[in-house]
Amino acid sequence: MQAISRQSISEELRRRFRQANNILVMTGAGVSAESGVPTFRGGGNTGVWKGLPFEIISSAGMVERDLPAVWEWFNYRRGLLESLKPNPAHEAIARWQTLFGDLTLVTQNIDGLHQKAGSRNVIELHGNIWRARCVDCAARHDLRELKFDNSVPVCFDCGGSLRPDVVLFGEMLPAGAFEAAAMKAEACELCLVVGTSAVVYPAASIPEIARAAGAYLVEVNPEVTPLSELCDEVLTGKAGEIIPLLER
Ligand code: BV8
C-alpha cells in the first residue's frame with residue numbers, strides 16, 4: 001500500500017478542514033491498531049476467544065450464562081491494554097479540540113486511549129473497559145482502584161456482582177449517548193470516520209445521519225468498508241499516518 005502523503009489530501013478537504021466550525025469524528029478499533037490494540041475484524045486475533053466468536057463472548061446472554069467467563073475475557077483485554085499508549089492519530093484528534101468551535105468525538109472503542117491522549121467529553125457509545133457496573137444497584141466503579149483475581153468482583157455498595165461497564169451485543173447503548181452523537185451528527189459540517197468496519201449498529205448509522213444532513217463525509221481506513229461508497233472522500237491508509245496530515 002503506497003504511503004499516503006500530504007498531496008493525497010484534496011484541496012477541497014483542506015479548505016473544509018480549515019473553515020469548519022463544527023466537526024464530528026467517529027472512531028473504531030482501527031484508530032488504536034497502531035497502539036497495538038488488536039482489532040476485531042482486521043489482522044488481530046481477537047475475533048475468537050476460547051473458541052467463542054467475539055459477538056458471543058461479548059453478548060448480554062453471556063453475562064446471564066457465565067459472568068466469570070466474561071470477566072476472564074475482559075481481564076485478558078485489560079491486561080493487553082495496560083502498557084499501551086495513544087498513537088499520533090489519538091494525539092492529533094486531542095489537539096483538534098482547541099482548534100474548532102465545536103468538535104464532537106464519538107468512539108466505539110472501550111480502551112480509553114482517546115482520553116489518555118487528552119481528549120475530553122468523549123462520547124463512548126460502547127462503554128469503557130476500565131469501569132465496572134453492579135448488576136443489582138447499577139453503581140459504577142473504576143477498575144483501576146479495584147484489586148481482584150479472576151473471580152467476579154463484588155459491589156462494595158450493595159454486595160451485588162459487578163460486570164464490565166461496556167455495551168454487550170443485544171444491549172442498549174448508554175442512555176443519551178447515541179442521541180447526543182446523532183444530534184451532533186445532524187449539525188456537523190465535516191464528519192471524519194476513522195478505523196471502523198462500519199458493521200455494528202446503531203453506531204454505524206452516525207456517519208449516515210451526518211451525510212444525510214449535508215455534512216462532508218470522509219473515511220480513513222486501509223480497507224474499503226460498507227460506508228466507503230457513501231463518502232465524499234476516502235483516505236486509504238493508516239490513521240496514525242493520515243490524521244496528523246490534516247492541519248489548520
Ligand atoms: C443493540 C463493546 C438493540 C464490547 C461492542 C442492525 C443491523 C444488523 C445488526 C444489528 C442491527 N441493530 C442491532 C444489531 C445487532 C448488533 C450488531 O450491530 N451486530 C453486527 C455484528 C451486525 N448491535 C447490537 O447488539 C447493539 N445493541 O442493537 O441493542 C436493542 C434493542 C432493543 C433491546 C435491546 C437491545 C450493541 C452493539 C455494541 C456491542 N459492543 N463493543 C467489546 O468490546 O467487547 S461492538 C465492538 O465491535 C466495538 O465497540 C465496535 O463497535 C465493533 C468492532 O468494530 P470496529 O471498531 O470497526 O473494529 P473492526 O475490527 O470491525 O474494524 C477495524 C477497522 O479498522 C477495519 O475496517 C480495518 O480495516 C481498520 N483499520 C485497521 N488498522 C487501521 C485501520 N484503520 C485506520 N488505521 C489503521 N491503522
Side-chain angles (χ1 to χ4, degrees), residues 1 3-4 25-49 52-64 69-78 80-81 84 86-90 92-93 106-114 122-133 163-175 177-178 181 192-208 218-228 231 234-246:
M1 179 179 27
I4 199 139
V25 179
M26 183 168 95
T27 64
V31 79
S32 296
E34 291 150 274
S35 295
V37 182
T39 59
F40 298 88
R41 285 180 191 75
N45 56 12
T46 62
V48 175
W49 168 258
L52 282 176
F54 149 65
E55 276 112 8
I56 301 300
I57 183 72
S58 274
S59 70
M62 205 65 190
V63 168
E64 310 296 323
V70 172
W71 272 111
E72 214 185 333
W73 160 233
F74 284 97
N75 292 348
Y76 158 73
R77 291 165 69 186
R78 236 187 355 272
L80 277 182
L81 283 171
L84 301 183
N87 65 58
H90 296 110
I93 293 167
V106 179
T107 191
Q108 299 167 78
N109 301 345
I110 62 175
D111 58 29
L113 287 176
H114 281 301
V122 181
I123 299 179
E124 296 178 306
L125 290 178
H126 297 159
N128 188 299
I129 199 170
W130 301 103
R131 280 195 316 265
R133 186 171 84 239
R163 54 154 289 162
D165 188 24
V166 299
V167 178
L168 299 171
F169 284 96
E171 292 183 332
M172 300 295 273
L173 275 51
F178 180 79
L192 286 155
V193 184
V194 184
T196 184
S197 56
V199 295
V200 170
Y201 281 79
S205 68
I206 294 291
E208 295 167 354
V218 178
E219 180 178 55
V220 178
N221 196 313
E223 293 170 9
V224 173
T225 75
L227 192 69
S228 306
C231 290
V234 172
L235 303 176
T236 305
K238 297 182 172 182
E241 295 166 7
I242 295 172
I243 294 294
L245 295 177
L246 282 167

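Hydrogens, waters and symmetry mates play no part in the numbers below; they use all other heavy atoms, side chains included. In listed order, ligands and their atoms are each counted from 1. No experiment lies behind these values; they were computed from the predicted model shown.
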With heavy atoms of [X] as the reference, note each atom of ligand 1 found under 4.0 Å away.
{"X": "Q108", "answer": "48 (C), 49 (O), 50 (C), 51 (O)"}
{"X": "E55", "answer": "21 (C)"}
{"X": "F74", "answer": "44 (O)"}
{"X": "E223", "answer": "69 (O)"}

Determine whether the side chain, the backbone, both or neither of E34 has a heavy atom under 4.0 Å from any heavy atom of ligand 1.
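The part of E34 near ligand 1 is the side chain, not the backbone.
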
Part of A33 within contact of ligand 1 (heavy atoms, under 4.0 Å):
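It is the side chain that gets close, since no backbone atom is under 4.0 Å.
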
Whether [X] side chain and [Y] backbone form a donor-acceptor pair below 3.5 Å:
{"X": "W130", "Y": "D111", "answer": "yes"}
{"X": "S58", "Y": "E55", "answer": "no"}
{"X": "E171", "Y": "L168", "answer": "yes"}

Before giving the answer on side-chain hydrogen bond (donor to acceptor under 3.5 Å, both in side chains), spell out for T107 and T27 the whole-Å C-alpha distance, their side-chain angles and the decisive distance to 0.1 Å.
CA-CA 5 Å; T107 191; T27 64; 2.7 Å; yes

So do the side chains of F74 and I110 get within less than 4.5 Å of each other, counting heavy atoms only?
yes

Is any side-chain heavy atom of N128 less than 4.5 Å from a side-chain heavy atom of D165?
no

Suppose we screen for side-chain hydrogen bond (donor to acceptor under 3.5 Å, both in side chains). Which residues come up paired with Q108, at least two apart in sequence or across chains?
T196

Any heavy atom of R77 closer to ligand 1 than 4.0 angstrom?
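The answer is yes: ligand 1 sits under 4.0 Å from a heavy atom of R77.
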
Should G170 be listed as contacting ligand 1, given a heavy-atom distance under 4.0 Å as the test?
yes

Pair V234-E219, side-chain contact (heavy atoms from CB on, under 4.5 Å): steps then yes or no:
CA-CA 5 Å; V234 172; E219 180 178 55; 4.0 Å; yes

N/O to N/O below 3.5 Å, does that happen between [X] and ligand 1?
{"X": "A29", "answer": "yes"}
{"X": "A239", "answer": "yes"}
{"X": "A198", "answer": "no"}

Going by the closest heavy atom to [atom], which one wins out of [options]?
{"atom": "atom 71 (N) of ligand 1", "options": "G30, G28, S58", "answer": "G30"}
{"atom": "atom 13 (C) of ligand 1", "options": "W49, F54, Y201", "answer": "Y201"}
{"atom": "atom 76 (N) of ligand 1", "options": "S205, P222, G127, P226", "answer": "P222"}
{"atom": "atom 39 (C) of ligand 1", "options": "L235, V199, V167, V70", "answer": "V167"}

Those residues that, when tested against N87, pass side chain to side chain contact (heavy atoms under 4.5 Å, CB included) (two or more places apart):
E34, S35, A89, H90

Distance from N109 atom CG to L125 atom CG, nearest 0.5 Å?
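Nearest 0.5 Å value for the CG-CG distance: 10.0 Å.
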
